[in-house]
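Report on the following structure.
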Amino acid sequence: MGGEGGPDTTVPATLSALKRHPEMTVLLVGDEERIEPVLQLARADTALLSRLQLCHTPDVFLDTDKPAAVLRSGQDTSIYRCIELHRQGLASAVVSAGNTGALLMLGRHLLKTITGIELPAIVATLPLSGSNTLLLDVGANLACSPLHLEQFAIMGSVLARAQFDCAPRVALLNVGAEDYKGTDDVRAAAELLEGNPAIDFLGFLEANQVFSGLAEVIVCNGFVGNVMIKASAGAANAVRAEVLRAQSDSAGAQTGSAALDLLNPQRFNGASLLGLCGNVIKSHGNADVLGFSCAIDQAYREQTADIPELIRQAVA
């Protein structure tokens, strides 16, 4: 029910994901009076609909609501019910475009964090064609201790290894590459990572190197990461707009269309809440059908790889 599009976005995206993953089944959690008409308009085949089940919840937790209120009075909201279904083992992953703070609060309260992980982190794939770079945290924790940053590096490495099939290189996002640059916490985190034999730590990375491909995992606190990922998406959208304006002939239009597709940030939608005892994916609120469908794909990949268990093993 969350996001700017609500069921008009999430329902077609779900049907699209079901077509790509024949073994997937889905619980659509929300107001069935709003969901049913969208399903009817989609005219999906019977076989597809047989793998989809509605779970009616009458209430919606809004983006304008304070996250703490979801624990006191949000038990009948779709976002609460989703996490509860996951906790009960009735769903193996959750995808939501709803209130980020509420999703984090419910994840920590109902699912708990993995033993050895103090804070969950939101991790996103950089919006660049062929990107094999993860950035975390991108908004869960505005201030982080050196230990938290080290834990983020461990979790990001686990996901990068599973998602990109590589030996991930880790860097700390900083204002300079020199050892004396950055805050006390960032420099202390660098010392921890240098002493961790399980991490291939490269050192500091500046913002203009984020898209260089030098590291598969880039670690920062949630304030810096949120600004970085949104600025990156905005830059990608600006470039797409310029490509669109530059189209002047049929050949140019064809080339431009391909470039537009490669630069579409919606293709990289779906940020993982790493560190929870479960698979929870946060979709951006402005996601379109393609974007929300990509978030479902991300949830499916992480559930299949059992990322929480791999993180538990890495931390242990």
* **Working for side-chain contact (heavy atoms from CB on, under 4.5 Å), residues Met155 and Val123** => CA-CA 9 Å; Met155 295 192 296; Val123 57; over 6 Å; no
* Path from Leu110 to Leu71 over hydrophobic side-chain contacts below 4.5 Å -> yes
* Just wondering, more than 12 heavy atoms not from Lys112 lying within 6.0 Å of its NZ? -> yes
* For Val219 and Leu149, which heavy atoms make the closest approach, and how far apart are they? -> CG1-O, 3.6 Å
* To do: Say whether Arg169 and Ser157, considering side chains only, have a donor N or O and an acceptor N or O under 3.5 Å apart.
  => no
* Taking a hydrophobic cluster as the set of Ile, Leu, Val, Met, Phe, Trp and Tyr residues connected by side-chain heavy atoms closer than 4.5 Å, whether directly or through intermediates, do Ile35 and Ile79 fall within one such cluster? -> no
* Going from CD on Gln88 to CD1 on Ile83, what distance comes out if it is rounded to the nearest 0.5 angstrom? -> 12.0 Å
* Asked: What is the minimum heavy-atom distance between Ile281 and Leu103, and which atoms define it?
  -> O-CD2, 4.4 Å
* Structure fact -> With sequence neighbours left out, the residues meeting salt bridge (Lys or Arg N to Asp or Glu O under 4.0 Å) with Glu309 are Arg312
* Asked: Hey, is the main chain of Ser92 close enough, under 3.5 Å, to the side chain of Asn279 for a donor-acceptor pair?
  -> yes
* Applying side-chain contact (heavy atoms from CB on, under 4.5 Å), run through Cys294 and Phe268 and close with a yes or a no. => CA-CA 7 Å; Cys294 289; Phe268 304 93; over 6 Å; no
* Asked: Does a salt bridge link Glu84 with Arg81, judged by any charged N lying under 4.0 Å from a carboxylate O?
  -> no
* Is the number of heavy atoms from other residues, nucleotides or ligands within 6.0 Å of NZ (Lys181) greater than 12? -> yes
* What is the minimum heavy-atom distance between Val186 and Leu173, and which atoms define it? -> CG1-O, 4.5 Å
* To do: Could you tell me whether Asp45 atom CG has more than 12 heavy atoms of other residues or ligands within 6.0 Å of it?
  => yes
* Asked: Does His56 reach the main-chain N or O of Glu32 with its side chain, forming a donor-acceptor pair under 3.5 Å?
  -> yes
* For Thr183 and Arg187, what are the C-alpha separation, side-chain angles and deciding distance, and is it a side chain to side chain donor-acceptor pair (under 3.5 Å)? -> CA-CA 6 Å; Thr183 65; Arg187 294 198 304 273; over 6 Å; no
* Gln53 and Val26, any side-chain heavy atoms less than 4.5 Å apart -> no
* Asked: Would you find more than 12 non-hydrogen atoms of other residues, nucleotides or ligands less than 6.0 Å from Phe164 atom CZ?
  -> yes
* To do: Go through Val29 and Met1 one step at a time and tell me if the side-chain contact (heavy atoms from CB on, under 4.5 Å) criterion holds.
  => CA-CA 8 Å; Val29 183; Met1 302 302 295; over 6 Å; no
* Asked: Quick one: are Ile311 and Ile154 in side-chain contact, heavy atoms under 4.5 Å?
  -> no
* To do: Flag yes if Leu276 and Leu106 sit in one hydrophobic cluster, no otherwise; membership is Ile, Leu, Val, Met, Phe, Trp, Tyr, and two members link when side-chain heavy atoms are under 4.5 Å apart.
  => yes
* Do Leu27 and Tyr80 belong together in a cluster built from hydrophobic side chains that touch within less than 4.5 Å? -> no
* Asked: Going hydrophobic residue to hydrophobic residue with side-chain gaps under 4.5 angstrom, can you get from Leu172 over to Met228?
  -> no
* How far apart are the C-alpha atoms of Leu134 and Ile218, what are their side-chain angles, what is the distance that settles it, and do they pass the side-chain contact (heavy atoms from CB on, under 4.5 Å) test? -> CA-CA 6 Å; Leu134 301 175; Ile218 302 176; over 6 Å; no
* Asked: Tell me, do Val158 and Leu274 make a side-chain contact under 4.5 Å, heavy atoms counted?
  -> no
* Asked: How about Pro67 and Asn99: do any of their side-chain heavy atoms sit closer than 4.5 Å?
  -> yes
* **Side-chain H-bond candidate by donor/acceptor type, Asp297 with His21, under 3.5 Å** => yes
* For residues Leu111 and His86, determine if any side-chain heavy atom of one lies less than 4.5 Å from a side-chain heavy atom of the other. => yes
* To do: Check the side chains of Asn269 and Ser283 for a donor-acceptor pair under 3.5 angstrom, ignoring hydrogens and angles.
  => yes
* Taking side chain as C-beta onward, heavy atoms only, is Val315 less than 4.5 Å from Thr115? -> no
* For the pair Gln266 (side chain) and Asp288 (backbone), establish whether a donor and an acceptor sit closer than 3.5 Å, ignoring hydrogens and angles. => yes
* To do: Would you check if the side chain of Asn141 reaches a backbone N or O of Gly222 as a donor-acceptor pair within less than 3.5 Å?
  => no
* **N/O donor-acceptor pair under 3.5 Å between Gln151 side chain and Gly116 backbone** => yes
* Structure fact -> Note: Ile307 and Ala162 closest approach over all heavy atoms is CD1-CB, 3.7 Å
* To the nearest 0.5 Å, how far apart are CG in Leu126 and OG in Ser232? -> 6.0 Å
* Check whether any side-chain heavy atom of Cys220 lies under 4.5 Å from a side-chain heavy atom of Asp137, and answer yes or no. => no
* Closest approach of Pro168 to Arg161 (non-hydrogen atoms, all atoms of both residues) -> CD-NH2, 3.6 Å
* About how many Å separate CD of Gln209 and CZ of Phe204, when rounded to the nearest 0.5 Å? -> 12.5 Å
* Structure fact -> For Cys144 and Phe152 the tightest heavy-atom approach is SG-CE1, 3.6 Å
* Is the closest side-chain heavy-atom distance between Leu159 and Ser272 below 4.5 Å? -> yes
* **Value rounded to 0.5 Å, distance of CZ in Arg51 from CG in Leu15** => 10.0 Å
* To do: Using distance alone, with no hydrogens and no angle criterion, decide if Asn196 and Glu150 have a side-chain donor and acceptor under 3.5 Å apart.
  => yes
* Look at atom CG of Asp306 and say whether more than 12 heavy atoms of other residues, nucleotides or ligands are closer to it than 6.0 Å. => yes
* To do: May I ask you to decide if Leu290's main-chain N or O and Ser293's side chain share a donor-acceptor pair within less than 3.5 Å?
  => no
* Quick check: are there more than 12 heavy atoms from other residues, nucleotides or ligands sitting under 6.0 Å from CD of Glu33? -> no
* Are a donor atom and an acceptor atom from the side chains of Gln163 and Gln298 found within less than 3.5 Å of each other? -> yes
* To do: Please round to the nearest 0.5 Å and tell me the distance separating atom CD of Glu194 and atom CG of Leu202.
  => 11.0 Å
* Within the distance-only criterion (no hydrogens, no angle test), does the side chain of Thr10 pair as donor or acceptor with the backbone N or O of Gly6 below 3.5 angstrom? -> yes
* Structure fact -> Between the CG atom in Leu136 and the CG atom in Asn221, the distance rounded to the nearest 0.5 Å is 11.0 Å
